[in-house]
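Each chain gets a letter, A, B and so on, in the order its sequence line appears, and its residues count up from 1. No experiment lies behind these values; they were computed from the predicted model shown.
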Amino acid sequence: MKLGVFVNQYTKQNDTLDRLKADKVGIILVQNGVYNATIKEKGVKSSVLDKGTEVYALSEDLQSRGLDPSGIDSKVKVVDYGGLVDLVFNDYEKFIWL
Amino acid sequence: MKLGVFVNQYTKQNDTLDRLKADKVGIILVQNGVYNATIKEKGVKSSVLDKGTEVYALSEDLQSRGLDPSGIDSKVKVVDYGGLVDLVFNDYEKFIWL
Amino acid sequence: MASKKFLFMVDKLPYKAESSRLALTHAIASQTVDIHLDEDDEMEEPVIAFVGDGVLNCMKGQKALECYGVTSLEMHIKNALLTDIKVLICKEDVERLGLSEDNLIMDAEDIGADMQSEIVPFDDILQQMEKSNHILYF
Amino acid sequence: MASKKFLFMVDKLPYKAESSRLALTHAIASQTVDIHLDEDDEMEEPVIAFVGDGVLNCMKGQKALECYGVTSLEMHIKNALLTDIKVLICKEDVERLGLSEDNLIMDAEDIGADMQSEIVPFDDILQQMEKSNHILYF
Amino acid sequence: MGKLSIGCFSSLIGSMTLDFAVKLAEAARKKGHDVDIWLSGNGTMLSKKGQRKFQDYSSLEKPVTDLIKGGLTMVACEACAEARGQHKEDLLEGCDRKSMDWYLASCFKADRVIHIGGE
Amino acid sequence: MGKLSIGCFSSLIGSMTLDFAVKLAEAARKKGHDVDIWLSGNGTMLSKKGQRKFQDYSSLEKPVTDLIKGGLTMVACEACAEARGQHKEDLLEGCDRKSMDWYLASCFKADRVIHIGGE
């Protein structure tokens with residue numbers, strides 16, 4: 001199962017996310033989920049970044065919030081809406097919006 | 001300051017609540033906040049119950065959710081909407097809705 | 001002929017977001033989906049899984065109708081069982097929240113349903129995620 | 001003559017709930033509240049305090065107008081400073097989130113505001129809670 | 001008897017927050033208190049007339065209309081309503097529309113304020 | 001080219017979730033995909049015509065109308081709309097209203113489904 005997981009909140013913990021063991025889980029950070037790409041609480045990066053084989057963040061949502069692309073974790077690939085559409089059709093089969 | 005704090009969510013942690021040091025903080029559990037009155041996660045009662053000098057829970061919201069009044073922590077006083085109005089006018093001066 | 005399977009997942013609490021209610025009404029709407037499908041298409045009986053704090057939707061004795069004039073999630077869950085929808089409740093969360101079968105809506109015999117709810121490990125729900133064509137995560 | 005003081009507090013993130021935006025527009029509306037008050041009543045200049053994850057509203061360089069066609073929280077905060085509203089940002093949360101003055105909207109000189117934001121310990125915000133007649137917690 | 005101002009920023013139906021505000025207002029009116037309700041953000045949905053009653057959805061048009069007839073003041077934020085496509089002709093009978101300063105003045109004159117934020 | 005069904009259950013304006021859905025739909029249409037949008041719960045607010053544009057509020061009536069003209073299908077849940085006082089005459093041009101089974105059928109026929117829950 002290629003599962004795309006939209007994380008739309010700056011969330012500290014989510015039971016479902018913690019328990020997922022899909023073959024290929026991709027994390028797609030959108031809306032306030034993009035804070036997970038940059039903010040290091042007490043110096044520690046978000047645990048959301050460790051869940052997926054791939055992690056993406058939506059550029060429009062980063063920019064809206066004043067998040068500096070240079071501060072983004074190197075693991076995170078930045079995509080725009082066009083790139084997101086390609087991810088949706090080419091890289092994942094099913095999606096959940098947490 | 002007599003501060004009434006409405007807790008409307010089944011919340012694990014809230015920065016503001018943790019930091020309050022008012023002379024008299026009363027916790028008023030409403031909506032999904034009422035789960036804090038009964039649910040013991042992993043056997044431990046909600047930390048919200050330790051924050052206020054007084055803790056109240058709205059009876060209509062307990063009943064709507066199927067929460068058994070006999071399972072309510074002994075610290076919690078159950079009030080209905082009429083009782084809530086008296087609390088608002090007689091016991092507290094200011095309110096925040098978390 | 002195409003046959004497809006849908007999983008409805010609920011991790012939201014009841015009576016705060018409308019999500020859990022709409023998850024159930026949408027799942028029950030699968031009863032009438034045929035009118036929109038081609039003749040040789042078929043939708044399998046849907047599965048609805050309560051996970052995380054969402055298992056609190058399944059508590060017995062909800063008096064939302066009496067208190068707020070709105071149907072309870074309990075009534076919706078019983079309607080789902082009546083229409084033969086598989087209702088799964090995540091075991092790990094039931095245990096974490098200190099609940100048991102005694103607190104939860106395990107059947108709807110009172111309205112004549114044969115189907116029963118099942119408390120299952122998250123791994124079983126993960127299997128349902130894998131088997132389903134689409135996941136509607138409320 | 002009555003004089004009253006209001007505190008606006010924001011702990012919600014921007015662009016998800018409308019809360020932080022409405023906190024600012026309501027605070028700024030204090031400019032025109034006189035028309036509804038008795039002649040000898042006076043509302044003191046309001047204070048707006050960002051606490052918890054709400055301090056993320058104060059980040060510099062928000063491009064919401066360019067990306068979504070909607071004014072940014074940055075523009076609202078600058079307007080608040082321009083109308084001499086006291087803007088407090090909770091120090092403990094700024095530090096927890098790894099932020100500093102460099103990341104935050106500390107002034108609105110570009111639009112001619114004299115007022116500056118202040119990063120203050122939560123205790124100072126608590127004092128404001130005590131001094132205020134009403135707290136509008138967004 | 002006192003005066004209570006309730007600010008509601010939460011959406012209709014799903015959240016049950018407007019149900020809470022309406023029931024609190026009913027109880028306060030029964031005890032003889034004055035009550036103002038301010039609807040802003042998604043809360044303005046409550047000021048839309050013609051809400052159809054279904055048992056699966058909480059339904060507030062009737063209790064709110066009764067409260068207004070009984071002397072409660074309800075005012076919706078004009079800009080928030082317009083942005084949602086709710087115009088003057090959509091307004092619930094007895095409900096008014098004003099700008100945000102009205103709410104601040106209502107709080108100014110109130111003994112107690114319960115400000116209920118958005119989702 | 002594929003077909004994408006987007007279900008939106010989130011409210012207008014504040015959450016920016018409908019903005020996300022509309023921008024995703026625009027991008028998908030540009031790449032030649034078919035897109036259905038289902039509005040349910042508070043999401044039905046997007047199907048209300050006459051949304052006034054202010055810069056302080058996200059404003060979607062224009063881009064949505066353009067998308068519909070360009071071939072996107074948008075349907076709102078009839079009961080959810082009625083419960084909010086939105087009637088047939090309030091409906092955005094080109095948008096339809098149906099019962100929930102329509103959405104399931106749309107998902108059935110879709111290659112990809114993005115179901116965006118409520119607040």
Side-chain angles (χ1 to χ4, degrees), chain E residues 7-19 22 39-65 74 76-95 97 99-101 116-119, chain F residues 7-19 22 39-65 74 76-95 97 99-101 116-119:
Chain E
C8 293
F9 292 67
S10 200
S11 61
L12 197 60
I13 297 176
S15 82
M16 304 287 291
T17 298
L18 291 173
D19 299 71
V22 169
L39 304 170
S40 184
N42 284 330
T44 52
M45 296 166 76
L46 180 57
S47 67
K48 175 85 180 70
K49 77 172 175 196
Q51 297 163 39
R52 203 166 133 194
K53 190 172 163 49
F54 298 98
Q55 209 172 48
D56 280 0
Y57 299 83
S58 65
S59 178
L60 295 173
E61 184 160 334
K62 173 85 171 63
V64 159
T65 309
M74 193 163 92
C77 172
E78 187 164 9
C80 296
E82 287 287 336
R84 287 160 177 82
Q86 296 175 209
H87 310 299
K88 214 168 166 68
E89 63 271 22
D90 296 314
L91 199 60
L92 207 71
E93 208 188 311
C95 181
R97 308 203 307 176
S99 56
M100 296 176 186
D101 45 24
I116 307 175
E119 283 81 16
Chain F
C8 292
F9 290 67
S10 201
S11 60
L12 196 58
I13 299 180
S15 82
M16 305 287 293
T17 300
L18 291 173
D19 299 71
V22 168
L39 303 171
S40 184
N42 283 330
T44 52
M45 295 167 76
L46 181 57
S47 68
K48 174 82 181 68
K49 76 171 173 198
Q51 297 164 39
R52 203 166 133 194
K53 189 169 165 51
F54 298 96
Q55 209 174 46
D56 279 1
Y57 299 85
S58 65
S59 178
L60 296 171
E61 184 160 334
K62 172 83 171 63
V64 159
T65 309
M74 191 164 92
C77 172
E78 186 164 11
C80 296
E82 287 287 336
R84 285 161 178 81
Q86 296 175 210
H87 311 298
K88 215 172 166 70
E89 62 271 23
D90 296 312
L91 199 60
L92 207 73
E93 208 189 311
C95 180
R97 308 205 306 176
S99 56
M100 297 176 185
D101 45 24
I116 305 176
E119 285 79 18

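The minimum heavy-atom distance linking Ile13(F) with Ala83(E) is given by the pair CD1-CB, 3.6 Å.
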To see if you've got the definition right, give the donor-acceptor pairs under 3.5 angstrom between chain E and chain F.
residue	atom	partner	partner atom	Å
Ser11(E)	OG	Asn42(F)	ND2	2.8
Asn42(E)	ND2	Ser11(F)	OG	2.8
Lys48(E)	NZ	Gly85(F)	O	2.7
Gly50(E)	O	His87(F)	NE2	3.0
Arg52(E)	N	Glu82(F)	O	2.9
Glu82(E)	O	Arg52(F)	N	2.9
Gly85(E)	O	Lys48(F)	NZ	2.7
His87(E)	NE2	Gly50(F)	O	3.0

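With a 4.5 angstrom heavy-atom cutoff, Ala81(F) does not touch chain E via any of its atoms.
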